[in-house]
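Below is one structure, written out as structure tokens; comments come after it.
Note that the coordinates shown come from a computational prediction; the quantities given were computed from them, not determined experimentally. Each chain gets a letter, A, B and so on, in the order the sequences are listed, and its residues count up from 1. Heavy atoms only: backbone and side chains are in, while hydrogens, waters and symmetry mates are out.
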Amino acid sequence: MLTYDRIYAIVRQIPWGQVATYGQVAELAGLIGQPRLVGYALYRVDMATTDIPWQRVINAKGEVSHAVQRHGSDYRQRSLLEAEGIEFNPQGRIDLKRYRWQPSVQQLGQSLPGVEGEWGHGSKD
DNA sequence: GAAATGACTCAAC
DNA sequence: CGTTGAGCCATTT
């Protein structure tokens, strides 16, 4: 379960008012190329673990994701994000170029080698 | 222990 | 921009 633990650790690093994509978290967690695991990890714990800001983890489309089966918790997540000052586009998407979390080695303060942080731009759509 | 699953992502048509 | 297909791997049953 170390893998998931890694993911949780990263997700906890996400600062208030910012969001990170699964791929991003995955990479930081050392699971480069495995964004699914991030989602799965959160999926398994979101209900049992409330100390993780899973709400700040969204997909690469800048849109909030969640299991449709999950009793409309997608609404709750959006609520939380809005409460953090994050704006949703008319399409219900988040402006990643603006809210995407830009992790720094210092912040992580751990061992993640090669994580210089190359985010700073980002254009989609 | 093997098969099934799952909040994703990227590339191509 | 919409849909399709393949990559990928830990957790779960």
Side-chain angles (χ1 to χ4, degrees):
Chain A
M1 222 181 196
L2 293 175
T3 323
Y4 277 18
D5 191 27
R6 196 74 158 253
I7 294 168
Y8 307 146
I10 298 299
V11 176
R12 285 197 203 104
Q13 315 305 316
I14 305 177
W16 188 92
Q18 290 191 47
V19 297
T21 65
Y22 291 96
Q24 188 174 351
V25 173
E27 182 161 341
L28 292 171
L31 300 172
I32 306 177
Q34 269 44 323
R36 314 184 90 180
L37 298 185
V38 178
Y40 306 158
L42 295 174
Y43 172 64
R44 298 299 183 189
V45 295
D46 71 77
M47 292 193 283
T49 317
T50 51
D51 59 296
I52 298 176
W54 54 273
Q55 72 237 32
R56 298 185 189 137
V57 185
I58 58 179
N59 61 24
K61 293 178 296 235
E63 194 174 52
V64 176
S65 302
H66 218 250
V68 181
Q69 287 184 27
R70 283 287 156 242
H71 137 96
S73 36
D74 56 321
Y75 170 77
R76 185 173 74 170
Q77 177 166 15
R78 173 170 169 166
S79 247
L80 290 166
L81 292 174
E82 289 182 318
E84 299 197 358
I86 295 175
E87 296 179 33
F88 279 73
N89 287 342
Q91 298 179 346
R93 303 201 310 194
I94 297 173
D95 196 338
L96 274 181
K97 342 183 233 238
R98 184 174 164 188
Y99 296 107
R100 197 199 284 195
W101 173 42
Q102 296 178 176
S104 56
V105 184
Q106 207 175 182
Q107 197 162 165
L108 295 172
Q110 303 169 20
S111 35
L112 304 172
V115 183
E116 316 289 307
E118 182 116 355
W119 296 276
H121 48 77
S123 324
K124 264 206 157 158
D125 198 14

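Side-chain N/O atoms of Gln34(A) and Glu27(A) include no donor and acceptor closer than 3.5 Å.
Straight-line distance from the NZ atom of Lys61(A) to the C1' atom of dC1(C): 13 Å, rounded to whole Å. Rounded to whole Å, the distance from CD1 on Ile7(A) to P on dG6(B) is 17 Å. Taking atom OH of Tyr22(A) as the reference point, atom P of dC10(B) lies 14 Å away to the nearest angstrom.
Glu84(A) contributes a side-chain N or O that, together with a main-chain N or O of Gly17(A), makes up a donor-acceptor pair within less than 3.5 Å.
Arg98(A) meets the side-chain contact (heavy atoms from CB on, under 4.5 Å) test with Glu87(A), Asp95(A); sequence neighbours excluded. Applying the side-chain contact (heavy atoms from CB on, under 4.5 Å) rule to Tyr8(A) yields the partners Tyr4(A), Asp5(A), Arg12(A), Ala41(A), Leu42(A), Val45(A), Ile52(A); only residues at least two apart in sequence or on another chain are considered.
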- [ ] At under 4.0 Å between heavy atoms, which parts of nucleotides 7-13 of chain C does protein reach? Answer with one letter per nucleotide, 5' to 3': B base, S sugar-phosphate only, - none.
- [x] BBBSSS-

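You'll find the side chain of Pro53(A) stays beyond 4.5 Å of the side chain of Trp16(A), heavy atoms only.
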